[in-house]
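Data block below; observations after.
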Amino acid sequence: MKEALFKVGGLVEPPYFVGREAELERLCNDARDLTQSNLILAPRRFGKSSLLHNIKKQLQDEEQLLIPYVNCREITSYADFHRVTVAALLSEYESKTRVAGLLEAFRFVLKERVLRAVQRVEEIGGSLSEVGRVYLRFREQEVEDTELARAAFRFFRSFAEEKSVRVVFLLDEFQEVAGFNGFLFNLFKKELDEVPNVRYFFSGSSMRMLSSIFLREDAPLYLMVSRHYMEPLRENTVADFVRQRLAIAGLAITNPAVQLLHALTGGIPYYIQKLGVLVVQSAFLRSTTKITVSQVRDGFDAMLEELDSEFEVRWFARFSNQQRTIVKTLAQLGEARMKDIAAEMRVQRYDISSAVNRLRDMMILATKSDGSYYVIDCVFAAWLNKP
Ligand SMILES: Nc1ncnc2c1ncn2[C@@H]1O[C@H](COP(=O)(O)OP(=O)(O)O)[C@@H](O)[C@H]1O
Ligand SMILES: [Mg+2]
């Protein structure tokens, strides 16, 4: 099979994963030494999940270090929290140590009829027995579901001690649990304070959802984790990556074309890979081996067309009328200060300031150092600007 030149969607590893060396090194060090917990913030498609995946991959040979991965989209209740996190830890332990049977025993306790489950719980012993017992009491309605969350944290702690391992939980899409009440986050706070051998790397794509947990002064986890904002990929990183991938198929790209590719995608990893695919298609159609600006433009048009229905859903589902007007206006202006956006909309600055702030917290808009605003997803902005 021929090697794919680009990979669009899903987790990517080298050689498809580029340009995150500095953050990988820092985060891997933090994970290896359990230095601190981290919050990784970036809009969707910036490569958060892939970054988490590569942390795990780089540290896979590290002794006594477990890095369970949890997608918080799977968590809508305390019972889910308990089931998903405990299972992730067990599964990571089993794959690292090649010890089998723990996860299966845990699943058995969750599913089987109570009498058999009780028996199994007693057989397992240790911390897993403890956490299983709490689950059975919950099943018998002897304890509240919040007790499950407490038991899960107790389990992380005692399992780590029992097996002499360090644990770094990767909690992807953490904004999905933002709707939980303070109880869960207060538990996290307690753990961050007290437990030396378990750390958490949270990742999320909405500051609005995460600010009530981490960012506001009155938030339960305020200043408890180190924050990390992921940037788009730099032009030279993108240029090197695209050139290397194209070379595999005997293709080259001109300087202006690769600069344009970077500019049109804004350095957002997902779009770089997607545009890469489309540009290659365009080159093959024209039977050329040197990609020029015009193939990049063709590819970009094709990309907007492919993303059309997705952008349309996003446009109508996620924004209020006023937010739509603001985003559309800013997409046209490219870059503008609040007062200029307001002037263009023929309203007062204070009419839009709270909506603009909210859009910034949603990571739709961002500010430059000179205070002007721009639409972060420049491909989405280009779609809005289409005639
Ligand atoms: N470091 C990277 N280098 C190149 N491409 C990347 C990188 N990170 C992500 N991508 C591309 O972006 C896509 C989305 O990445 P993902 O990690 O799922 O982003 P997120 O979790 O932020 O939405 C990947 O499938 C891949 O095509
Ligand atoms: Mg993701």
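Nothing here was measured: the structure is a model prediction, and the numbers come from that model. In listed order, ligands and their atoms are each counted from 1.
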Evaluate side-chain hydrogen bond (donor to acceptor under 3.5 Å, both in side chains) for E173 paired with N71, printing each intermediate quantity in order. CA-CA 6 Å; E173 308 275 11; N71 186 337; 5.2 Å; no
Check this for me: does any side-chain nitrogen of one of D301 and R297 sit under 4.0 Å from a carboxylate oxygen of the other? no
Please find out if the Mg ion (ligand 2) and some N, O or S atom of S203 are separated by less than 2.8 Å. no
Measure the distances from the heavy atoms of G9 to every atom of ligand 1 and state whether one is below 4.0 angstrom. yes
Ligand 1 N/O within reach of V18 N/O, cut-off under 3.5 Å: yes
Does the N or O separation between L233 and ligand 1 drop below 3.5 Å for any pair? no
Would you check, one step at a time, whether the test ring-ring contact (aromatic ring centres under 6.0 Å, His included) holds for Y270 with F46? CA-CA 7 Å; Y270 174 88; F46 269 54; over 10 Å; no
Relative to F6, does K274 satisfy both conditions: NZ or CZ under 6.0 angstrom from the six-membered ring centre, and within 45 degrees of the ring's axis? no
Can you tell which of A42, G204, G47 gets a heavy atom nearest to atom 8 (N) of ligand 1? G47
When only distance counts, is R20 in polar contact with ligand 1, meaning an N/O pair under 3.5 Å? no
Could you check whether R245 makes a cation-pi contact with Y16, meaning its NZ or CZ is under 6.0 Å from the centre of the six-membered ring and within 45° of the ring axis? yes
Atom 23 (O) of ligand 1: the protein heavy-atom neighbour that sits closest, reported with distance to 0.1 Å: R45 N, 2.8 Å
Considering all heavy atoms of both residues, which atom of G19 and which atom of T237 are nearest to each other, and what is their separation? CA-CG2, 3.6 Å
Is the shortest N/O to N/O distance between R44 and ligand 1 below 3.5 Å? no
Give yes if a backbone or side-chain nitrogen or oxygen of L11 is under 3.5 Å from a nitrogen or oxygen of ligand 1, and no if not. no
Candidate pair Q58 and Q60, rule side-chain hydrogen bond (donor to acceptor under 3.5 Å, both in side chains), full reasoning: CA-CA 6 Å; Q58 274 206 1; Q60 68 192 356; over 6 Å; no
